[in-house]
Number of protein chains: 2
Amino acid sequence: MLSPLRFEPAFAQPALPVAAASVIRYAAGEEIFAEGDSADHVYELVEGTVRTGRLLRDGRRQIDAFHFAGETFGFEAGEVRRTTAEAVSEVTVRIVRRRALSDLAARNGEVARQLYQLTISGLQRSQDHVLMLGRRSACERVAGLLLLLADRTGEAAFDLPMSRQDMADYLGLTIETVSRTLTGFLQEGLIALPTVRHVELLDREALEALCE
Amino acid sequence: MLSPLRFEPAFAQPALPVAAASVIRYAAGEEIFAEGDSADHVYELVEGTVRTGRLLRDGRRQIDAFHFAGETFGFEAGEVRRTTAEAVSEVTVRIVRRRALSDLAARNGEVARQLYQLTISGLQRSQDHVLMLGRRSACERVAGLLLLLADRTGEAAFDLPMSRQDMADYLGLTIETVSRTLTGFLQEGLIALPTVRHVELLDREALEALCE
DNA sequence: CGTGTTCTTGATGTTGATCAACAAGCGTGG
DNA sequence: CCACGCTTGTTGATCAACATCAAGAACACG
């Protein structure tokens, strides 16, 4: 069921219009780049799921975003990575030289516009995330994540690509709270959880109501 | 003490390289634009402080960012505003037609690059905000905001342009918690609070340690 | 099958929210 | 200049949500 470069409506993004320096596979859990690395490539995700985020010295982790097939990641303002990217599942990426892309953008206004559009929609997702973390309860956050995942597949039933720990670190919660919230939804009949990594949304309305 | 177009090192951003459609003043508390408006202008803040954020239907509010003199705001991916912008203090802004700016960017690679740089640094600040809201305690959040405000003036003593409610809505806390945390810092000798709107950082080290 | 990992569930603890009262600033009008 | 009311901020008491700690269950993989 490989569908490279298929663009989901909710996340439609142009592929990077530059020849890839290379195409690489990463195993689940592998690091793609780390905080402090020099940021001379950007990535286009062909298949799989990637998480980007940061780690505090005491071990607390915050995931900024999950990235799915067709999306791009690894853009930085400066020369040095401020986030770490890891493969959540088995992953294949196209790697593009940042320099090649910025050169092209300097010559081609349309490419520059796409690049701009890409980052600004990333900014908007980050703002949604801020709202979620700043002002929403655990229930609302978990519901929000489930809806986000459902929207990108377009299906009410889908596999969770990430662990409970990943969900917790994205939502600013603990695994226990995520787990309890999911079984709460289960008991209220909002979702089914046939396996630990597969969700079906039974009452989308109710879940949406939780997110307003 | 007006200093239009002075760029603080920590927030150095190019002015929008387009003739302003107009220059407008807003009184403190006035709305500059609102969620749902059509997004056909961008703004350059000449003087004062602006907050951008969102409101949930039940009244919960989340401030995405504070903007200071020299900074730009009001960029949107789509045609419709997703955030509201309000004057925190008395404010003067240059208003630029979005269309004029994007036309210029399409012709001029350097302008396009600046625009890109602007949004990507906005994205990085939003990611810092996510980390703050997702994984930091109330103390750490308040310390982080104080340091952010100190950095942009370059002084250890500064006026707080915003109310406790604004601070709370930026930090994902309540006014009571912000207030208590500040008096906590006061009692530990980390700050002085000669008036309710003026802060002096007495022990910057300790505050930085709180943010790691 | 065992063994290690991930997930769930339960009991308890802590942080920050909520509710309530009071204090401090601030503008207006006497 | 003070009295007044109104807004904003502080402080206290209590509560609730989520974290933490601990144990067990389910699952994955050799």
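If you're wondering where the values come from, they're calculated on a predicted model, not measured in any experiment. The sequence lines fix the lettering, A, B, ..., with proteins before strands; numbering per chain opens at 1.
- The span of DNA chain C lying next to chain B, judged by atoms under 4.0 Å from heavy atoms, is bounded 5' to 3' by C/dG16 to C/dC19.
- Comparing B/Val178 and A/Thr177 against DNA chain C, the residue whose closest nucleotide sits nearer the 5' end is A/Thr177.
- Each ring pair (Phe, Tyr, Trp, His ring centres under 6.0 Å) pair with one or both residues in residues 171-212 of chain B, not counting sequence neighbours, would appear here, but there are none.
- One can place CD of A/Glu176 at 14 Å from P of D/dC18, the figure rounded to the nearest angstrom.
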- Before giving the answer on side chain to side chain donor-acceptor pair (under 3.5 Å), spell out for A/Gln165 and A/Asp169 the whole-Å C-alpha distance, their side-chain angles and the decisive distance to 0.1 Å. CA-CA 6 Å; A/Gln165 187 65 62; A/Asp169 287 342; 3.2 Å; yes

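- We find that CG of A/Leu133 is positioned 13 Å from P of D/dC18, with the value rounded to whole Å.
- Here the nucleotide nearest the side chain of B/Ser163, chosen from D/dA19, D/dG9, D/dT20, is D/dG9.
- The aromatic rings of B/Phe75 and A/Tyr116 stand perpendicular to each other, their planes meeting at an angle above 60°, with 30° marking the opposite boundary.
- Contacts of residues 181-200 of chain A with DNA chain D (heavy atom under 4.0 Å): none.
- Below 30°, between 30° and 60°, or above 60°: for B/Tyr170 and B/Phe66 the angle between ring planes is between 30° and 60°, a tilted geometry.
- Backbone-only engagement by B/Leu173 is indicated by non-hydrogen atom pairs under 4.0 Å involving sugar-phosphate atoms exclusively.
- Side-chain contact between A/Gln62 and A/Arg54 is absent, with no heavy atoms from C-beta onward closer than 4.5 Å.
- In this structure, the side chains of B/Leu147 and B/Arg204 come closer than 4.5 Å at one or more pairs of heavy atoms.
- Note on B/Arg82 versus B/Glu76: no salt bridge recorded, every NZ/NE/NH1/NH2 to OD/OE distance being 4.0 Å or above.
- The side chain of B/Arg180 contributes no N or O atom lying less than 4.0 Å from OP1 or OP2 of D/dT10.
- To the nearest angstrom, P of D/dA26 lies 15 Å from CZ of A/Arg164.
- D/dA19 atom C1' lies 13 Å from atom CZ of A/Arg60, rounded to whole Å.
- Rounded to a whole Å, the CG atom of A/Leu160 is 15 Å from the P atom of D/dC27.
- Two residues are said to be in side-chain contact when any heavy atoms from C-beta on lie closer than 4.5 Å; B/Arg135 and B/Glu140 fail this criterion.
- The pair A/Asp64-A/Arg125 does not count as a salt bridge, with every side-chain nitrogen at least 4.0 angstrom from each carboxylate oxygen.
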